[in-house]
Asks: 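Just passing along the structure, written as structure tokens.
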Protein chains: 2
Amino acid sequence: MSVAHTRVTPQAGGPCGDDDCGIREVLDRIGDKWTVLVLVELAKGVRRFRELHRAIPGISQRMLTLTTRRLCRDGLVERTAYPTIPPQVEYELTAMGRSLAESVQRLAGWSREHKDAMREARARWDADHPGEA
Amino acid sequence: MSVAHTRVTPQAGGPCGDDDCGIREVLDRIGDKWTVLVLVELAKGVRRFRELHRAIPGISQRMLTLTTRRLCRDGLVERTAYPTIPPQVEYELTAMGRSLAESVQRLAGWSREHKDAMREARARWDADHPGEA
DNA sequence: CGGCATCCTGCTAGATACTG
DNA sequence: CAGTATCTAGCAGGATGCCG
């Protein structure tokens, strides 16, 4: 994801000008390591910070904070903080966020359908190309 | 996108075990900086190396080579080399590759539909949060 | 033309420690 | 509990030069 994405600066009307620029735009948002996982978890319902943290094994507090913040900034997630003690913060998908989560899950569907075929293709390729790391 | 993705090691049956693992799998393949652009360009038809290079502004030879190779390895692209002089290599989507390109373009559609809404959301957020980089 | 090898850099994200 | 701050490493990706 973001993948160090130093914007591709697609000049309008250029070769890739019309149909792929949109793609890079989404990928700059969901292409990173954690965003989709948060998205999918929130698609199941409202979640507190801690709950997200536990639901997504391996994510650090820092990355969860950064990821949720970016999602909020883009209007995909709504953050509600209750000034209780101890503090309590709830995250919830917005309508747009739910819509994105759906699209993303459709892509996940593709992945599940073709996972085996890809695994086989890779095995075949690796067999034919012995000199690979 | 590969995004330095050090595999999330999702234990089966875990909290995110069922519906997101598939997502990471695709994103590990299309989440990087160039894959989707190549995919989309090839969706338009057979392309030679040079043609791809010109069609995707900003990509380096190295990254184009790496990207096409990964796509070949995964069975999404077929590579045909003609041993002419000078050499000539053609790239073409496989059936699976076309199917993925379609899914990806649907996601791009989402992006185009919501681009403005996200831009506005971001503007609003930035206005409300002055202390940001 | 198409591709590989090498070096170098900047960003992403992990680890750790500290606050309200 | 829900963050923030800092420091660091590792890798993606850019630039350049050579080969068949």
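Letters A, B, ... are given to chains in the order of the sequence lines, protein chains preceding strands, and every chain is numbered from 1.
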Asks: Rounded at 0.5 Å granularity, tell me how far OG1 in B/Thr68 sits from CG in B/Leu76.
Replies: 12.0 Å

Asks: How many Å lie between OH on B/Tyr82 and P on C/dG2, as a whole number?
Replies: 12 Å

Asks: Heavy atoms only: give me the nearest A/Glu25-B/Ser111 pair and the separation to one decimal.
Replies: CB-OG, 3.5 Å

Asks: Please confirm whether the shortest side-chain N or O distance from B/Arg48 to OP1 or OP2 of C/dG2 is below 4.0 Å.
Replies: yes

Asks: Measure CH2/A/Trp34 against P/C/dG14 and give the value in whole Å, please.
Replies: 5 Å

Asks: Could you measure the distance from the CG atom of B/Leu64 to the CZ atom of B/Phe49? Nearest 0.5 Å is fine.
Replies: 4.0 Å

Asks: Nearest-Å distance, CG (B/Leu64) to P (C/dC1)?
Replies: 14 Å

Asks: Please report the closest heavy-atom contact between A/Leu107 and B/Val26, naming both atoms and the distance.
Replies: O-CG2, 3.9 Å

Asks: Rounding to a whole Å, what distance do you find between A/Leu37:CG and C/dA13:C1'?
Replies: 14 Å

Asks: Nucleotides 16-20 of chain C: which of its N/O atoms have a protein N/O under 3.5 Å away?
Replies:
none

Asks: C/dG14, D/dC1, C/dC1: which one has an atom nearest the side-chain heavy atoms of A/Met63?
Replies: C/dG14

Asks: Rounded to whole Å, please give me the gap between CG in B/Leu66 and P in D/dA15.
Replies: 15 Å

Asks: Whole-Å distance between D/dA2 C1' and A/Gln88 CD?
Replies: 11 Å

Asks: Considering just the side-chain nitrogens and oxygens of A/Tyr91, establish if one lies under 4.0 Å of OP1 or OP2 belonging to D/dC1.
Replies: no

Asks: For A/Arg48, is there any backbone N or O sitting under 3.5 Å from a side-chain donor or acceptor partner on A/Glu51?
Replies: yes

Asks: Starting at CG of A/Asp32 and ending at P of D/dG13, how long is that distance when rounded to a whole Å?
Replies: 14 Å

Asks: In Å and rounded to the nearest 0.5 Å, what is the CG to CH2 distance from A/Leu100 to B/Trp110?
Replies: 4.0 Å

Asks: Starting from the 5' end of DNA chain D, give me the residue, A/Thr65 or A/Pro86, whose nearest nucleotide shows up first.
Replies: A/Pro86

Asks: Assess whether atom CD of B/Glu78 is packed by more than 12 heavy atoms of other residues, nucleotides or ligands within 6.0 Å.
Replies: no

Asks: Just how far, in rounded Å, is C1' of D/dC11 from NZ of A/Lys33?
Replies: 11 Å

